[in-house]
Amino acid sequence: MQIMIQGCEELGIHLTKEQEQQFIDYYHLLIEWNQKANLTGITDYEDVIKKHFLDSLCIVKLSEVDDSKFKKVIDVGTGAGFPGIPLKIVFPDIQLTLLDSLNKRIKFLDVLIENLGLKYVRTVHGRAEDFGRKHEYREKFDLCVSRAVANLSVLSEYCVPLVQVGGNFVSYKSGKLQEELENSKKAIRLLGGIVKEKADFFVPESDMARTLICVEKVKSTPGKYPRKSGVPGKNPL
C-alpha cells in the first residue's frame, strides 16, 4: 500500500487504516469478480492503485471542486466503480449514486458496497439519457463525475442535465484534447453549462497523463435535453 499512501499524500489526502483496508479489499474483490464479469483489463496490483484508485482521486486537483460543498454525487458510466467508490472511501460523508448500463457491473458494485461497509450509496441500472429526464434524478446532484470513454459533447448531454444549477460536472480525459474541448463548448452552453476549469497533470506515482474538465452548471437545462437513448452518440450537439 506504500504507493497508494504516497500517492494520496501528494494529493493532500491522508488515509486512515480503515480506508487503507477498504482499498485492499476493493482490489481483491475486483480481481475475484473480474474473472466472471470482465470488469477491467488492468489487474496488476500497482497498476490498479495508480490507474484506478489514485486516478479517481485526482479530482482534488480542481480548485472548483471543494469536497466541503458537494454532498450528492453521481458517477455516470461507473463500470467497476471508478471514480465513485474511491471518492466515497476517502470522503465517506457524500451521498453517492452509481449509474451503469450493464447489470453485471451493478451486481458487482452491490457486493462491493456491502463488503466495504459503505453507507449512503445507491446503484442504478440504466442509461444516462433516460435518467436525465426522470424527475428524481434531473438536476438533483451537486457533482457529476465520469471516466466514461466518449466525446465531451456527448458526455455533457449525458451528465449536465443531472447537475443542479451551481453544481459541477467533471470529465476525466486522457491526452491532449484542446480541439475536442473547443468543439464541445457549444453543446455545453446549450445544456446550461460553462467550462470553468481545466487541469493537466500526471497521476501521482505514475507517468499517466490526465486532464480534468470541470463544467459549472449556470442555468437549467432546456427540457428537450437529453435527447432519447442513442441519439447523443450518433448525433452530438
Side-chain angles (χ1 to χ4, degrees), residues 1-32 34 39-76 78-96 98 109 112-113 115-121 142-148 167-177 196-216:
M1 280 296 289
Q2 199 56 37
I3 291 174
M4 183 69 185
I5 294 169
Q6 290 175 349
C8 283
E9 292 285 344
E10 287 183 41
L11 295 171
I13 297 169
H14 305 285
L15 296 177
T16 65
K17 291 298 182 183
E18 179 184 4
Q19 289 168 331
E20 289 178 23
Q21 189 60 52
Q22 285 176 314
F23 278 113
I24 292 170
D25 293 344
Y26 192 170
Y27 172 76
H28 288 301
L29 203 59
L30 176 68
I31 298 307
E32 177 188 333
N34 199 50
L39 298 166
T40 178
I42 300 169
T43 56
D44 177 79
Y45 187 42
E46 286 191 13
D47 283 345
V48 170
I49 287 174
K50 296 173 184 177
K51 297 179 181 180
H52 283 323
F53 295 164
L54 289 174
D55 181 47
S56 295
L57 297 174
C58 281
I59 194 172
V60 300
K61 286 182 170 288
L62 291 170
S63 61
E64 291 295 325
V65 179
D66 183 343
D67 64 275
S68 67
K69 296 177 182 176
F70 64 82
K71 295 300 180 187
K72 297 186 68 176
V73 180
I74 185 166
D75 180 0
V76 171
T78 186
F82 306 117
I85 294 292
L87 292 175
K88 176 63 179 178
I89 291 173
V90 170
F91 305 111
D93 292 335
I94 65 173
Q95 299 172 40
L96 177 65
L98 301 168
L109 292 170
L112 177 68
I113 291 162
N115 275 262
L116 298 187
L118 301 176
K119 306 296 183 185
Y120 309 111
V121 184
D142 307 308
L143 177 67
C144 175
V145 291
S146 182
R147 289 205 320 169
N168 294 284
F169 157 50
V170 174
S171 175
Y172 288 63
K173 288 289 192 176
S174 299
K176 297 179 180 178
L177 70 156
K196 191 71 172 179
E197 186 177 358
K198 174 176 175 284
D200 302 290
F201 54 88
F202 287 95
V203 174
E205 303 297 312
S206 80
D207 58 359
M208 189 171 93
R210 173 62 85 191
T211 297
L212 295 180
I213 304 296
C214 179
V215 173
E216 183 182 3

Participant: Test your reading of the model: is there a side-chain donor-acceptor pair from Lys72 to the backbone of Leu143, 3.5 Å cut-off?
Facilitator: no
Participant: Hey, what do you get for CD (Glu46) to CD1 (Ile3), rounding to the nearest 0.5 Å?
Facilitator: 3.5 Å
Participant: Under the criterion side-chain contact (heavy atoms from CB on, under 4.5 Å), I'd like the reasoning laid out for Thr211 against Ser174: C-alpha separation, chi angles, the key distance, then a yes or no.
Facilitator: CA-CA 6 Å; Thr211 297; Ser174 299; over 6 Å; no
Participant: Taking all atoms of both residues into account, what is the closest heavy-atom pair of Ile113 and Leu98, and its distance?
Facilitator: CD1-CD1, 4.2 Å
Participant: Does Phe23 form a side-chain contact (heavy atoms from CB on, under 4.5 Å) with Ile5? I'd like the steps, not just the answer.
Facilitator: CA-CA 11 Å; Phe23 278 113; Ile5 294 169; over 6 Å; no
Participant: If I take atom CZ from residue Arg147 and atom NZ from residue Lys51, how far apart are they, to the nearest 0.5 angstrom?
Facilitator: 11.0 Å
Participant: Do Lys50 and Met208 touch side chain to side chain, with heavy atoms closer than 4.5 Å?
Facilitator: no
Participant: With rounding to the nearest 0.5 Å, note down the distance linking CG in Leu54 to CD in Gln6.
Facilitator: 10.5 Å
Participant: Atom OH in Tyr27, atom NE2 in His52: separation rounded to 0.5 Å?
Facilitator: 10.5 Å
Participant: Do the side chain of Asn34 and the main chain of Thr40 share a donor and acceptor less than 3.5 angstrom apart?
Facilitator: yes
Participant: Using side-chain heavy atoms (C-beta onward) and a distance below 4.5 Å, is Ile94 in contact with Val121?
Facilitator: no
Participant: Check step by step if side-chain contact (heavy atoms from CB on, under 4.5 Å) holds for Val65 and Val60.
Facilitator: CA-CA 7 Å; Val65 179; Val60 300; over 6 Å; no
Participant: Return yes if some donor-acceptor pair links the side-chain N/O of Gln95 with the main-chain N/O of Tyr120 below 3.5 Å, else return no.
Facilitator: no
Participant: Heavy-atom distance under 4.5 Å between the side chains of Thr43 and Val48, does that happen here?
Facilitator: no
Participant: Considering all heavy atoms of both residues, which atom of Ala80 and which atom of Leu30 are nearest to each other, and what is their separation?
Facilitator: CB-CD1, 3.7 Å
Participant: Does any non-hydrogen side-chain atom of Cys8 lie less than 4.5 Å from one of Leu57?
Facilitator: yes
Participant: At what distance, to the nearest 0.5 angstrom, does CD of Gln21 lie from CE of Met1?
Facilitator: 8.5 Å
Participant: Gln19 side chain to Thr16 main-chain N or O, any donor-acceptor pair under 3.5 Å?
Facilitator: yes
Participant: Would you sort out whether Phe82 and Tyr26 count as a ring-ring contact (aromatic ring centres under 6.0 Å, His included), showing the intermediate values?
Facilitator: CA-CA 11 Å; Phe82 306 117; Tyr26 192 170; 5.3 Å; yes
Participant: With side chains defined as the heavy atoms from C-beta onward, is the minimum distance between Ile59 and Val145 less than 4.5 Å?
Facilitator: yes
Participant: Between atom CE of Met4 and atom CD1 of Ile13, what is the distance when rounded to the nearest 0.5 Å?
Facilitator: 7.5 Å
Participant: Work out which heavy atom in Glu10 is nearest to a heavy atom in Glu205; give both atom names and the distance.
Facilitator: OE2-OE2, 2.6 Å
Participant: Determine yes or no for a side-chain-to-main-chain donor-acceptor pair under 3.5 angstrom, with Tyr172 supplying the side chain and Ser56 the backbone.
Facilitator: yes
Participant: Looking only at atom types and distance, does a side-chain atom of Asp142 sit under 3.5 Å from a main-chain N or O of Phe70, one as donor and one as acceptor?
Facilitator: no
Participant: So do Lys173 and Leu212 actually touch side chain to side chain, heavy atoms under 4.5 Å?
Facilitator: no
Participant: Could you tell me whether Glu18 atom CD has more than 12 heavy atoms of other residues or ligands within 6.0 Å of it?
Facilitator: no
Participant: Where is the tightest heavy-atom contact between Pro86 and Gly81, given as atom of each residue plus distance?
Facilitator: CD-O, 3.3 Å
Participant: Do Asp200 and Arg210 meet the salt-bridge criterion of a basic N to acidic O distance under 4.0 Å?
Facilitator: no
Participant: Determine whether a donor-acceptor pair (N or O, by modelled atom type, separation under 3.5 Å) exists between the side chain of Lys88 and the backbone of Lys119.
Facilitator: yes
Participant: Just by distance, do the side chain of Ser146 and the backbone of Val76 share a donor-acceptor pair under 3.5 Å?
Facilitator: yes
Participant: So which atom in Leu96 and which in Gly84 form the shortest heavy-atom distance, rounded to 0.1 Å?
Facilitator: CD2-O, 3.4 Å
Participant: Has the side chain of Ser206 got a donor or acceptor atom that lies under 3.5 Å from a matching backbone atom of Val203?
Facilitator: yes
Participant: Can you check whether Leu109 reaches Thr78 side chain to side chain, under 4.5 Å on heavy atoms?
Facilitator: yes
Participant: Shortest non-hydrogen contact from Leu62 to Cys214?
Facilitator: CD1-CB, 4.0 Å
Participant: Would you say that Asp25 contacts Leu112 through its side chain, given a criterion of any heavy-atom pair below 4.5 Å between the two side chains?
Facilitator: no
Participant: Counting heavy atoms not belonging to Tyr45, are there more than 12 under 6.0 Å from its OH?
Facilitator: yes
Participant: Within a reach of under 6.0 Å around CG of Asp44, are more than 12 heavy atoms found that belong to other residues, nucleotides or ligands?
Facilitator: yes
